[in-house]
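Step one of this worksheet: look at the structure below.
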Amino acid sequence: MSTIRIKGKLNEIEMVKPEDTYFVAHYTDHIVKGGGLEDTGWEQLEDGIIKLEYHLSTGHVIEIPQLFEKYLHLVEVSRSLLDDRVVYHFVFIKAALGKRVISYRISLKTDEKAGLHIGDIHIEEDTDVTLLKIPHWKKAEVI
Amino acid sequence: MSVTLLRKFWNGSQYDDISKIVFTSTNIDSPAAAGTRSHVLPGSPYVGTWFEALDLQYRQKTNQNAPDKHECLFTRLYLYQNSFTFGSDTSATVLSEYELVTSGTVYYDINNDAAINNITYVENTTLSGILFKKYTLSFSSSTGNATVSGSHYFFNQPEPTLSGANLMPGTLYIWQDNKTNNDIWAHPQNTVIYEVTQGEAYNCRLTAWDDITHTTTDNRILQEKRYKVTCCVYRAGGGTKANPTPDQTSGAMPYPPCIDAPVSGNNVYYGDFDLIHVANGGSTGQQLGEFLYFLPRLDGINDTYSSGNYDFVTTLHYQYT
């Protein structure tokens, strides 16, 4: 199975397998594969990314356009107080050009009630001015 | 890097891992074996609040009454003058809903550092039916150039209707270093407390959902917004997790507190804020955190609720790299 099914009292969702969902960062002379959704490995990446992809456990591969100066990777989860269970909702790839940031939101779950499906991509400009202060942006290779 | 968030509660002698928040009868000795539930006795307050670990459960509150004090670690003050500009103004007249400790040094943080070296009580005053105490604050220092005026943020609470020719609804928050845990409604020893011990959690949001999918809020308690929380996010300047002392540096209050606000899915929630681990005591060598604590209650559960279990799930949403 390439997904995990979570059945609640009132809803049921399907979620990617976190260990089989990861980024792939291409450089001029090597490729770095992320460590999954729990310990992603993003902070250990070097600058100089040529191409950035996201591989989901379902086989979806999402390629981020090579138009930007730097990238930031965020995983959005919710953690239950009850049993510390984690639901993985989205991966965000923030892509910056100057002071403008485009957000690529990749759905990690299928939730029919919310109209979401694994692999759905939502793109919008992100106006959160505090984003650029996060210290884990990775620069793209200047081509 | 993954982020590590601990979630604990104080069991009277140490912090314990929290498994569940339980609202059940107070007709049970505390602590009791985890999983103990009982019917409410006739004439008793409906339910108490219990924090349950894996082995034992501990009673925190004997009823679901609303907070009798709108205070957590941070005390909210209202400016009682046209404006206050950090870096240049050295005194301010403020209103407080609660008595301030007027001796010792207190610290405040909202956007800039400010050390207050004197608090003088002036008089009581009533505005729009609300009784306030008026104080004069003298600042030994303040940095930056932000001007406090205009609307303030107070999560999901209606702003008191303040009027008066000299009043601007600007808000300051102070953390008084000689107020104990027992002086405030919600503190690190009677709440569920999150602590980030590694990494950074961005855009944190505390809320509640029907079930383990964290997607719907069809539960009647959530629909009617009866699950309410008092929350505080802070970085301590020293002390211990159970007895933190104020931080004197900028950023001690990453997000304003909320008092008795409902949470329900993505409709109403406490957030969004960041929780950043303070490594090696931070900039002073003694800082701790960052922490989020919350104290929950059920508001207005009455006889229209038929007997039975009403389960729902409290969650913390966040992002990490």
Side-chain angles (χ1 to χ4, degrees), chain A residues 4-15 18 23 34-45 71-94 103 105 109-116 126 128 130-131 133-138, chain B residues 1-9 17-22 51-52 54 192-194 198-219 222-223 229 254 265-266 269 271-274 276 294 296 309-321:
Chain A
I4 297 171
R5 193 169 291 274
I6 301 176
K7 190 167 183 178
K9 290 182 306 181
L10 298 179
N11 197 17
E12 184 174 333
I13 65 172
E14 205 172 349
M15 188 177 78
F23 64 79
L37 291 178
E38 186 175 341
D39 200 347
T40 66
W42 178 262
E43 294 185 14
Q44 287 75 41
L45 279 186
Y71 303 96
L72 178 68
H73 164 273
L74 293 170
V75 180
E76 180 169 313
V77 301
S78 54
R79 187 174 291 270
S80 166
L81 188 77
L82 169 64
D83 53 9
D84 210 28
R85 184 191 296 261
V86 175
V87 174
Y88 293 89
H89 295 275
F90 304 105
V91 158
F92 290 87
I93 300 292
K94 309 283 186 181
S103 175
R105 188 192 76 184
K109 63 180 182 183
T110 292
D111 176 2
E112 295 293 349
K113 282 193 175 183
L116 288 169
D126 198 321
D128 180 1
T130 63
L131 259 182
K133 296 181 184 174
I134 293 176
H136 304 302
W137 288 84
K138 304 298 176 184
Chain B
M1 177 192 299
S2 61
V3 57
T4 303
L5 279 160
L6 303 182
R7 65 198 199 293
K8 306 267 186 186
F9 72 98
D17 291 322
I18 185 157
S19 172
K20 206 175 287 185
I21 296 169
V22 180
F51 292 160
E52 185 174 285
L54 287 176
V192 176
I193 185 165
Y194 283 92
Q198 176 185 282
E200 297 139 20
Y202 302 108
N203 295 318
C204 299
R205 175 180 296 190
L206 184 76
T207 191
W209 302 92
D210 289 328
D211 60 28
I212 58 173
T213 64
H214 307 172
T215 54
T216 60
T217 54
D218 296 332
N219 183 303
L222 299 181
Q223 280 269 324
V229 293
N266 283 330
Y269 52 85
D272 302 319
F273 53 89
D274 299 338
I276 311 294
F294 75 97
N309 288 328
Y310 291 82
D311 296 336
F312 54 92
V313 180
T314 305
T315 58
L316 184 70
H317 292 241
Y318 56 93
Q319 298 172 353
Y320 60 91
T321 56

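In what follows, chains are A, B, ... by sequence order, proteins preceding strands, each numbered from 1. Atoms considered below: every heavy atom in the structure, side chains included; atoms not considered: hydrogens, waters and symmetry mates.
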Exercise. Under a 4.5 Å cut-off applied to non-hydrogen side-chain atoms, are A/Leu81 and B/Val192 in contact?
Worked result: yes
Exercise. For A/Phe23, is it the side chain, the backbone, both or neither that has a heavy atom under 4.5 Å from a heavy atom of chain B?
Worked result: neither
Exercise. Atom OH of B/Tyr320 and atom OG1 of A/Thr40: how far apart are they, to the nearest 0.5 Å?
Worked result: 7.0 Å
Problem set entry | Contact origin within B/Asp311 toward chain A - heavy atom pairs under 4.5 Å | both
Problem set entry | A/Arg85 side, atom CZ; B/Ile212 side, atom CD1 - distance, nearest 0.5 Å | 4.0 Å
Exercise. Between B/His317 and A/Arg79, is any pair of side-chain heavy atoms under 4.5 Å apart?
Worked result: no
Exercise. Of the listed residues (A/Val77, A/Val86, A/Val87, A/Asp128), which shares the most heavy-atom pairs with chain B below a 4.5 Å separation?
Worked result: A/Val77
Problem set entry | Nearest-0.5 Å distance, NE2 of residue B/His214 to NZ of residue A/Lys109 | 10.0 Å
Exercise. Are the side chain of B/Asp210 and the backbone N or O of A/Leu10 linked by a donor-acceptor pair below 3.5 Å?
Worked result: no
For this session: Report the distance from atom CD1 of A/Ile6 to atom CG of B/Asp211, rounding to the nearest 0.5 Å.
Result: 9.5 Å
Problem set entry | Straight-line distance of A/Lys94 NZ to B/Gln319 CD, nearest 0.5 Å | 6.0 Å
Exercise. Do A/His136 and B/Glu200 come close enough that some side-chain heavy atom pair is under 4.5 Å?
Worked result: yes
Exercise. Hey, which of B/Glu52, B/Lys20, B/Arg7 has the most heavy atom pairs under 4.5 Å with chain A?
Worked result: B/Arg7
Exercise. B/Thr315 and A/Ser78: which non-hydrogen atoms are nearest, and at how many Å?
Worked result: CB-CB, 4.5 Å
For this session: Count the heavy atoms belonging to other residues, nucleotides or ligands that lie under 6.0 Å from NZ of A/Lys7, then report whether that count exceeds 12.
Result: no
Problem set entry | Proximal component of A/Phe92, with respect to chain B [non-hydrogen, under 4.5 Å] | side chain
Problem set entry | Part of B/Thr213 within contact of chain A (heavy atom distance under 4.5 Å) | both
Problem set entry | A/Lys113 versus chain B, the contacting section by heavy-atom distance below 4.5 Å | side chain
Problem set entry | Between CG on residue B/Asp274 and CD1 on residue A/Ile134, distance to nearest 0.5 Å | 6.5 Å
Exercise. A/Asn11 and B/Thr215: side-chain donor and acceptor closer than 3.5 Å?
Worked result: yes
